[in-house]
Asks: 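The structure that follows is given in the form of structure tokens.
Any value given below was found using the heavy atoms of this structure, including those in side chains, with hydrogens, waters and symmetry copies removed. For clarity, every value in this text was computed on a predicted model and none was experimentally measured.
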Amino acid sequence: MLVSGWGDGARYLAADLAAGGVDVVVITLNPEGAAEAEAAGHDVLLGDSTKRHVLLEAGVTDARMIVIADDQAEAAGRIAAVAAPLAPRATVVVRTREDADIAVLHAAGVHKLVTGERASRHHLSATVLSELRETTTPRTVVDVTRLVAFVPAADAACPHLPENRPVLPSAPGCEECLRTGDTWVHLRICLSCGKVGCCDSSPNRHASAHFAEVRHPLICSAEPEQAWAWCFHDEDQIRPAEATRAVR
Ligand SMILES: [Zn+2]
Ligand SMILES: [Zn+2]
Ligand SMILES: [Zn+2]
């Protein structure tokens, strides 16, 4: 497990992981942070995480997870762009204070994004959802830190595909239903803005309502085993590219 940066987020995460028996290597440019991380019992490398040789020395190729904690999303993206290709099996997590350009981070190889603002915003709905799960049948919980990118099959004919972009899910369940305390059957994710809504078999049909309201034409399913996207304009499914089916 590789941690780049030593802010509050990284500090707590590293402590949790170390307590769980995970080896943590911290890379930081800040000598004070390095001393502190070392005192906390982590392996520390004083260096620049955008440098390939620094990442290699820190063992990036064997890392199962890379956490990039940087106040600035742009700087985090630059680190990810160097680190991700060196560690094809690692989950790359960016933790940043400010809002980030999701498309840029996705292109840089980032899988998960946690911002301070989102973390607090989703706390309540996540709590509500875990209560719901205890009282009803088990349902899918959407990982709000995971970047969702739908890759269409090469022969996909939908003319609205330019509106398909990498997004971050807005909530762990249907955003509107969580607000009102309603339930749903399946979850859909808007491929233009990431809004999570409920399917047309659900009482409130919030995914369709979102299209009616803002005209974002494309959704994908948030349910495991359902790799397709759907175009509301064409009222037709869009097949995913062959190679992406298994990993969604
Ligand atoms: Zn279409
Ligand atoms: Zn709903
Ligand atoms: Zn949308």
Side-chain angles (χ1 to χ4, degrees), residues 73 91 93-96 99-103 105-106 110-152 158 160-161 163-238 240 244-245 247-248:
T91 302
V93 184
V94 163
R95 214 198 141 97
T96 184
D99 272 343
D101 186 327
I102 291 159
L105 290 182
H106 179 255
V110 175
H111 303 105
K112 290 170 173 256
L113 173 65
V114 182
T115 66
E117 190 232 344
R118 283 177 65 87
S120 56
R121 182 149 55 102
H122 290 303
H123 181 72
L124 184 64
S125 50
T127 307
V128 171
L129 197 67
S130 69
E131 279 173 25
L132 275 176
R133 255 183 308 167
E134 280 168 24
T135 54
T136 57
T137 48
R139 274 178 294 173
T140 300
V141 177
V142 178
D143 180 351
V144 296
T145 67
R146 184 174 157 270
L147 272 62
V148 173
F150 176 74
V151 183
C158 165
H160 310 99
L161 282 171
E163 302 202 42
N164 169 35
R165 38 186 174 262
V167 294
L168 207 51
S170 66
C174 174
E175 195 179 324
E176 302 297 330
C177 285
L178 282 172
R179 198 167 285 145
T180 55
D182 282 331
T183 61
W184 60 84
V185 180
H186 294 127
L187 295 174
R188 309 293 182 233
I189 302 170
C190 174
L191 288 171
S192 296
C193 73
K195 179 150 184 170
V196 177
C198 48
C199 70
D200 282 356
S201 306
S202 309
N204 295 314
R205 307 174 60 172
H206 281 128
S208 289
H210 178 62
F211 167 66
E213 191 186 344
V214 298
R215 310 306 284 177
H216 289 162
L218 306 170
I219 51 170
C220 68
S221 177
E223 306 297 331
E225 314 293 315
Q226 297 187 332
W228 45 263
W230 174 264
C231 175
F232 283 111
H233 286 303
D234 307 340
E235 298 187 345
D236 203 3
Q237 274 195 11
I238 306 167
T244 59
R245 275 183 203 191
V247 294
R248 266 209 85 246

Asks: Could you check if a side-chain atom of Leu147 sits within less than 4.5 angstrom of a side-chain atom of Leu168, using non-hydrogen atoms only?
Replies: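 Yes. Closest side-chain heavy atoms under 4.5 Å.
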Asks: Hey, what's the ring geometry for His216 with His210, parallel, tilted or perpendicular (30° and 60° as the breaks)?
Replies: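 Plane angle over 60°, so perpendicular.
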Asks: On a heavy-atom basis, which atom in Cys177 and which in Thr183 lie closest, and how many Å separate them?
Replies: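 Smallest interatomic distance, heavy atoms only, reads SG-O, 3.8 Å.
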Asks: Side chain to side chain contact (heavy atoms under 4.5 Å, CB included) for Arg188 and Ser221? Distances and angles first, verdict last.
Replies: CA-CA 5 Å; Arg188 309 293 182 233; Ser221 177; 2.9 Å; yes
Asks: Considering non-hydrogen atoms only, spot the tightest contact between Val148 and Cys220 and give its length.
Replies: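 Looking at all heavy atoms of both residues, the shortest contact is CG1-SG, 3.8 Å.
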Asks: To the nearest 0.5 Å, what is the distance between SG on Cys158 and CG on Asn164?
Replies: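 Cys158 SG to Asn164 CG: 9.0 Å, rounded to 0.5 Å.
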Asks: Which atom names give the shortest non-hydrogen contact between Ala171 and Val196, and what distance separates them?
Replies: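 Here Ala171 and Val196 meet closest at O-CG2, 3.3 Å.
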Asks: Among all residues two or more places apart in sequence or in another chain, which pass the side chain to side chain donor-acceptor pair (under 3.5 Å) test with Thr180?
Replies: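 Here the qualifying residues are Asp182.
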Asks: Can you tell which of Cys199, Cys174, Ser201 makes a side chain to side chain contact (heavy atoms under 4.5 Å, CB included) with Trp184?
Replies: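 With Trp184 as partner, Cys199, Cys174, Ser201 yield a single side chain to side chain contact (heavy atoms under 4.5 Å, CB included), made by Cys174.
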Asks: Going by heavy atoms in the side chains, are Arg215 and His233 under 4.5 Å from each other?
Replies: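 Yes, at least one pair of side-chain atoms sits under 4.5 Å.
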Asks: Taking all heavy atoms of Pro217 and all of Glu163, pick out the closest pair and write down the distance.
Replies: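 Looking at all heavy atoms of both residues, the shortest contact is CD-OE1, 3.4 Å.
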Asks: To the nearest 0.5 Å, what is the distance between SG on Cys190 and CD on Glu175?
Replies: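 Going from the SG atom of Cys190 to the CD atom of Glu175 covers 11.0 Å.
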Asks: Verify side chain to side chain donor-acceptor pair (under 3.5 Å) between Asp143 and Thr145, making sure each step is shown before the conclusion.
Replies: CA-CA 5 Å; Asp143 180 351; Thr145 67; 2.7 Å; yes
Asks: Just how far is it from atom CD1 of Ile238 to atom NE2 of His160, taken to the nearest 0.5 Å?
Replies: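 Here the interatomic distance stands at 9.0 Å.
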Asks: Can you tell me how far the CZ atom of Arg165 sits from the OG atom of Ser192, to the nearest 0.5 Å?
Replies: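 Answer rounded to 0.5 Å: 4.5 Å.
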Asks: Indicate the atoms forming the closest heavy-atom contact of Pro166 with Ile102, along with that distance.
Replies: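 Minimum heavy-atom separation between Pro166 and Ile102: O-CG2, 3.4 Å.
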Asks: What distance do Glu213 atom CD and His206 atom NE2 have between them, rounded to the nearest 0.5 Å?
Replies: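 It is 10.0 Å, given to the nearest 0.5 Å.
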Asks: If you look at every heavy atom in Ser170 and Lys195, which pair is closest and at what distance?
Replies: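 So the two residues come closest at OG-CA, 3.3 Å.
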Asks: Can you tell me how far CZ of Phe150 sits from CD1 of Ile219, rounded to the nearest 0.5 angstrom?
Replies: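 Rounded to the nearest 0.5 Å, the CD1-CZ separation comes to 11.0 Å.
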Asks: Hey, are the side chains of His111 and His106 touching, using non-hydrogen atoms and a 4.5 Å cut-off?
Replies: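 His111 vs His106: side chains apart.
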